[in-house]
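Taking it in order: structure first as structure tokens, then the write-up.
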2 protein chains.
Amino acid sequence: MIELSHIHRNFQVGEQSVHALDDVTLRIAAGEYVSIMGPSGSGKSTLLNLIGLLDRPDSGSYRLKGEDVTSLDDDRQARVRNREIGFVFQMFHLVPRLTALENVELPLLLAGMAATERRPLAEQALQSMQLDNRAHHKPEQLSGGQRQRVAIARAIVTRPDVLLADEPTGNLDHESGREVIHILERLNADGLTLLMVTHDPEMGQRARRKLLMRDGRMEE
Amino acid sequence: MIELSHIHRNFQVGEQSVHALDDVTLRIAAGEYVSIMGPSGSGKSTLLNLIGLLDRPDSGSYRLKGEDVTSLDDDRQARVRNREIGFVFQMFHLVPRLTALENVELPLLLAGMAATERRPLAEQALQSMQLDNRAHHKPEQLSGGQRQRVAIARAIVTRPDVLLADEPTGNLDHESGREVIHILERLNADGLTLLMVTHDPEMGQRARRKLLMRDGRMEE
Ligand SMILES: Nc1ncnc2c1ncn2[C@@H]1O[C@H](COP(=O)(O)OP(=O)(O)OP(=O)(O)O)[C@@H](O)[C@H]1O
Ligand SMILES: Nc1ncnc2c1ncn2[C@@H]1O[C@H](COP(=O)(O)OP(=O)(O)OP(=O)(O)O)[C@@H](O)[C@H]1O
Ligand SMILES: [Mg+2]
Ligand SMILES: [Mg+2]
């Protein structure tokens with residue numbers, strides 16, 4: 001499903017060069033449930049952005065479902081991304097002028113679905129996150145944890161093949177966090193490939209495969 | 001130090017009325033170390049914003065160091081806030097076009113301090129957060145946990161009387177989280193009044209006084 005080979009990603013800030021990903025090689029099969037833990041700044045979000053086709057490596061290759069996606073142009077990458085990948089961002093990235101419901105509908109709208117079809121799907125996704133009573137709130141009218149759950153609802157509403165979740169429970173109390181993980185695990189049981197970055201050891205331990213990052217390098 | 005009496009805070013969204021704070025009465029003495037936990041959406045950030053003079057109650061009163069601050073106009077509130085309160089925001093709210101170091105210097109600059117004085121203080125604060133090697137990065141060039149730590153450094157650099165921390169370790173690994181809490185606890189030992197909202201029971205348990213919020217109400 002996901003094959004990374006000798007991936008490097010550097011960032012330049014003035015004279016300083018940050019080696020965010022340092023020779024990462026990783027294979028993830030369809031349907032796997034993988035957690036990625038590691039210190040703050042160790043490269044987890046950078047790795048997820050790369051897998052999610054939101055960033056490109058400086059060297060190395062990335063094959064998604066057997067297709068070399070490293071060399072695709074921006075438009076082709078965007079289409080693959082929208083079709084196959086769901087992403088829960090560490091910083092949520094909700095659209096400020098849209099309501100919670102409209103935010104969750106957005107990927108379905110981008111996929112060309114009609115309003116009458118996408119509305120019930122979006123409502124269902126919000127309901128599974130216990131947010132049906134916040135459907136018409138804009139992001140600034142939501143708590144931190146509610147925004148995080150809207151971001152999760154948006155990522156799963158299209159039933160993607162791969163879900164990349166960057167610290168999906170960081171702003172949630174224990175109870176809400178467990179409910180979210182149960183939903184993601186049910187989707188995984190139905191075939192979703194699930195990659196979760198987390199700082200919560202209790203959440204990380206639940207994955208069938210546990211990866212650790214340190215200074216841009218991957219350990220198993 | 002902090003006296004809230006019968007505080008109510010409602011939000012109106014279309015036809016829906018959200019009772020974010022429901023008859024909250026609370027006294028916190030100078031130098032206390034208080035944690036506030038509770039479900040997502042229970043009113044913790046709303047409470048902290050109110051105490052931090054970033055929001056006003058709809059009814060009830062708030063006395064800070066014996067002075068009724070509820071009735072102060074915006075300018076007076078801003079001056080009290082800048083002088084006495086440090087705030088670590090759940091969403092960080094760093095200034096995008098400033099570097100990490102400039103972000104940490106900002107409260108000192110607003111307090112009228114010269115560049116030669118504020119620079120070493122800001123560098124020290126960043127160093128205590130293990131971020132001296134990220135001083136010249138802008139927020140978008142930092143990881144989530146690094147941004148969070150810059151927000152913490154900025155909140156403590158002025159040595160305020162009260163520190164309001166809204167989920168200060170939500171994006172940090174266990175190790176970094178503990179280092180941050182140790183620094184905040186040392187400041188508390190030196191007299192800082194510390195109020196911390198957290199979803200991490202291990203962090204919440206360390207406080208000398210533990211509060212719980214549920215549906216806008218406070219329990220002890
Ligand atoms: N756009 C950028 N420019 C420069 N440096 C960057 C940029 N993005 C990330 N970095 C640096 O790359 C390193 C890895 O960042 P990344 O966001 O992947 O870390 P992370 O493991 O997700 O951390 P956290 O747990 O704090 O979210 C960090 O040291 C960060 O400062
Ligand atoms: N500006 C607003 N307009 C309307 N409703 C709001 C607004 N801000 C907050 N709310 C609502 O008030 C309630 C309390 O929000 P608050 O941000 O205080 O929760 P919280 O306890 O900090 O939650 P979390 O743990 O998720 O951060 C939530 O149900 C939220 O939807
Ligand atoms: Mg990250
Ligand atoms: Mg909050």
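Quick note on labels: first sequence line is chain A, next is B, and so on, each numbered from 1.
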### Worked check of side chain to side chain contact (heavy atoms under 4.5 Å, CB included) between Arg134(A) and Val18(B)
CA-CA 10 Å; Arg134(A) 290 288 180 272; Val18(B) 180; 3.6 Å; yes
### Query
Sub-3.5 Å donor-acceptor pair from the side chain of Asp173(A) to the main-chain atoms of Ser40(B), do we have one?
yes
### Query
Crowded around Arg214(B) CZ? As in, over 12 foreign heavy atoms under 6.0 Å?
no
### Query
Just by modelled atom types, is the Asn133(B) backbone N or O under 3.5 Å from a matching donor or acceptor in the Gln16(A) side chain?
yes
### Task
Kindly give the heavy-atom pair with the smallest separation between Asn171(B) and Gln90(A), and that separation in Å.
OD1-NE2, 2.9 Å
### Query
For Glu175(A), is it the side chain, the backbone, both or neither that has a heavy atom under 4.5 Å from a heavy atom of chain B?
neither
#### Entry: Neighbour count above 12 (heavy atom, 6.0 Å) for Arg27(B) CZ
no
### Query
Which one, Gly43(B), Ser176(B), Pro201(B), Gly41(B), leads in non-hydrogen pairs under 4.5 Å with chain A?
Gly41(B)
### Task
Let me know if Ser143(A) has heavy atoms under 4.5 Å from chain B in its side chain, its backbone, both or neither.
side chain
### Message
Please check if the number of heavy atoms outside Asp215(A) that lie under 6.0 Å from its CG is greater than 12.
### Response
no
### Message
Between Arg147(A), Arg149(A), His136(A), who has the most heavy-atom pairs with chain B when the cutoff is under 4.5 Å?
### Response
Arg149(A)
### Task
Report, as yes or no, whether the 6.0 Å neighbourhood of atom NZ on Lys138(A) holds more than 12 heavy atoms from other residues, nucleotides or ligands.
no
### Task
Find the one option among Gly145(A), Gly14(A), Gly38(A) whose heavy-atom pairs under 4.5 Å with chain B are most numerous.
Gly145(A)
#### Entry: Between CE on residue Met37(A) and NE2 on residue His174(B), distance to nearest 0.5 Å
9.0 Å
### Toward chain A, the part of Ser45(B) with a non-hydrogen atom under 4.5 Å
neither
